[in-house]
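Presented below is the structure to which this report refers.
Residue numbering restarts at 1 for every chain, and letters A, B, ... go by the order of the sequence lines. Remember, predicted model here, so these are calculated numbers, not experimental data.
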Protein chains: 2
Amino acid sequence: MKSTIPDTGVPITPPTGNGGDRQEASLHGETLLRLRDYVVEGNIPEGGRVPERQLCEMLGISRTPLREALKVLAAEGLIELLPNRGARVRQLSQRDLEELFDVMAGLESLAGRLACEAITDAEITAIEQLHYEMYGHYLHRDMHGYFQANQRIHESIVAAARNETLKTAYANFAGRIRRVRYSANFARKRQRWAEAMREHEAVLDALRRRAASELSDILFQHLRNKRTAAIEHLTEPREDAPASP
Amino acid sequence: MKSTIPDTGVPITPPTGNGGDRQEASLHGETLLRLRDYVVEGNIPEGGRVPERQLCEMLGISRTPLREALKVLAAEGLIELLPNRGARVRQLSQRDLEELFDVMAGLESLAGRLACEAITDAEITAIEQLHYEMYGHYLHRDMHGYFQANQRIHESIVAAARNETLKTAYANFAGRIRRVRYSANFARKRQRWAEAMREHEAVLDALRRRAASELSDILFQHLRNKRTAAIEHLTEPREDAPASP
DNA sequence: ATCAGTTATTTTGCATTCATTTTTTGTCCT
DNA sequence: AGGACAAAAAATGAATGCAAAATAACTGAT
């Protein structure tokens with residue numbers, strides 16, 4: 001067999017009890033949730049083949065609901081379906097990444113704008129808390145903690161926009177670049193770290209003043225800078241690694 | 001039979017020759033395209049049931065590819081699938097519409113911002129042409145022509161953003177509110193018409209100057225105003241109709 | 001040994017079939 | 001008549017089966 005899925009010999013989650021606390025009546029829905037996570041979490045290498053047969057065994061289901069789920073994932077942009085040649089995990093070109101980051105920037109920019117119309121003082125306080133927490137991680141050079149706090153801040157802004165449609169779209173795009181986002185989060189680029197901290201302070205400032213268009217600009221620029229950092233990181237992947245093996 | 005699909009007795013498009021000039025290798029892909037158009041064009045009343053069986057006969061296919069297409073359309077937000085109770089054309093609440101308009105506003109706002117970075121003088125000239133054309137329709141009270149020119153202007157801005165991901169997302173959301181958008185395009189509200197013309201002039205002005213954040217603001221506000229007009233139109237549907245039958 | 005051509009195996013796409021669930025129809029009772 | 005219950009019909013969800021396409025394996029020639 002030439003599949004690219006690491007065969008652990010066990011289903012992704014226990015076959016009977018469903019994995020998380022989510023409930024899904026239909027097998028198709030359940031499969032969709034599990035498969036989406038499985039792909040988003042990077043269990044299959046980019047561009048790797050995804051043989052239906054093997055996934056069926058993995059999930060303990062027949063091909064019908066699996067294929068339905070694959071079609072949906074393809075529509076979401078996570079995988080691509082080549083006619084008669086099966087599904088592959090979508091490989092994102094540099095251009096794809098640039099586009100995705102820009103769309104994310106647009107959505108967050110919008111979220112900020114809308115948030116200014118509806119956000120409560122309590123919500124702002126909560127975001128400030130997250131900001132301080134993030135600052136702590138920054139001081140301790142805790143990349144992972146920093147990343148998580150950062151994510152939660154951005155999610156809080158999206159939540160404050162009070163727009164479920166936006167939230168869903170945001171989650172969808174975030175899923176597509178999740179792997180890259182994490183790994184490319186200016187690993188060891190301390191300069192960019194400091195810069196990002198300042199940008200976040202500007203975000204908070206604009207948010208407190210409910211300055212919608214200003215916040216919109218700041219958020220867009222913030223994500224634009226993140227995009228630049230991410231692309232750079234991918235172009236010159238490891239600045240501390242030896243030049244040759 | 002209690003379906004809500006008008007039964008014309010003929011397939012949506014001739015079974016053998018495919019409807020448009022689009023080509024799709026798989027039956028599933030073909031079905032998806034045809035069904036999406038069929039729904040977007042409003043052939044099924046809102047909230048109407050979509051019996052698989054009937055659609056299969058209509059399209060001359062078996063249930064498997066049809067069901068795959070339905071799952072995708074559900075993921076796109078055009079229809080909803082109730083467990084064990086089939087597919088319904090998604091009924092948009094007023095809140096849903098508000099959210100959709102806002103997201104569209106965000107995407108167009110982003111498109112304008114990005115367009116400022118890459119748009120050519122020729123493209124701007126083309127948009128100006130469309131603007132004059134639209135002005136002509138405005139003077140002649142030609143709603144349909146006005147609407148189409150308007151659409152093309154917005155599409156041109158999105159195209160000038162040079163972002164396929166954005167373009168796809170935009171098309172998706174546009175599809176969801178297509179019906180409402182058209183019917184609600186301030187029918188007979190001359191005041192709003194004039195206002196929209198002025199806003200479009202401001203758009204062109206900012207575009208010529210490549211004033212990204214300014215254009216972003218203008219486009220957002222423009223769409224916001226459209227949203228208000230659309231919602232109003234739905235709330236008080238016909239201002240010239242008699243109050244009682 | 002390498003490569004073209006051919007055959008065998010696997011994989012995909014779609015149709016069909018089977019088991020449940022829902023909806024409708026029919027019947028009986030008040 | 002009207003409503004509650006039960007049986008029949010239809011629709012959905014998922015598994016299986018089958019034909020076509022693609023991939024892999026094999027053969028033989030250079």
Is the shortest side-chain N/O distance from A:R85 to OP1 or OP2 of D:dT23 below 4.0 Å? yes
B:S62 side-chain N/O to C:dA15 phosphate OP1/OP2 under 4.0 Å: yes
Closest nucleotide among [options] to the [X] side chain:
| X | options | result |
| --- | --- | --- |
| A:R49 | C:dC14, D:dG13, D:dT23 | D:dT23 |
| A:N84 | C:dG13, D:dG13, C:dC14 | C:dG13 |
| A:R63 | D:dT12, C:dA15, C:dG13 | C:dG13 |
| B:H28 | C:dT11, C:dC14, D:dA14 | C:dC14 |

Quick check: closest heavy atoms across B:L92 and B:L97, and the distance to 0.1 Å? CD1-CD2, 3.9 Å
Can you list, by residue number, the residues of residues 66-77 of chain A that have a non-hydrogen atom closer than 4.0 angstrom to DNA chain D? none
When the distance from [atom1] of [X] to [atom2] of [N] is rounded to whole Å, what number comes out?
| X | N | atom1 | atom2 | value |
| --- | --- | --- | --- | --- |
| A:L27 | D:dG13 | CG | P | 12 Å |
| A:L32 | D:dG13 | CG | P | 14 Å |
| B:L59 | C:dA15 | CG | C1' | 15 Å |
| B:L55 | D:dA11 | CG | P | 12 Å |
| A:E80 | C:dT12 | CD | P | 15 Å |
| A:L82 | D:dA21 | CG | P | 17 Å |

Between B:E52 and A:P83, who's closer to the 5' end of DNA chain D by nearest nucleotide? B:E52
In Å, rounded to the nearest 0.5 Å, how long is the span from CG of A:L35 to CG of A:L78? 10.0 Å
Distance col, row A:Q54:CD vs A:L66:CG, nearest 0.5 angstrom, shows 11.5 Å
Short N-O contact, [X] and [Y], less than 4.0 angstrom:
| X | Y | answer |
| --- | --- | --- |
| A:R63 | A:E52 | yes |
| A:R224 | A:D102 | yes |
| B:R152 | B:E155 | no |
| B:E68 | A:K71 | yes |

Base, sugar-phosphate alone, or nothing: which one does B:T64 contact when heavy atoms must sit under 4.0 Å apart? base
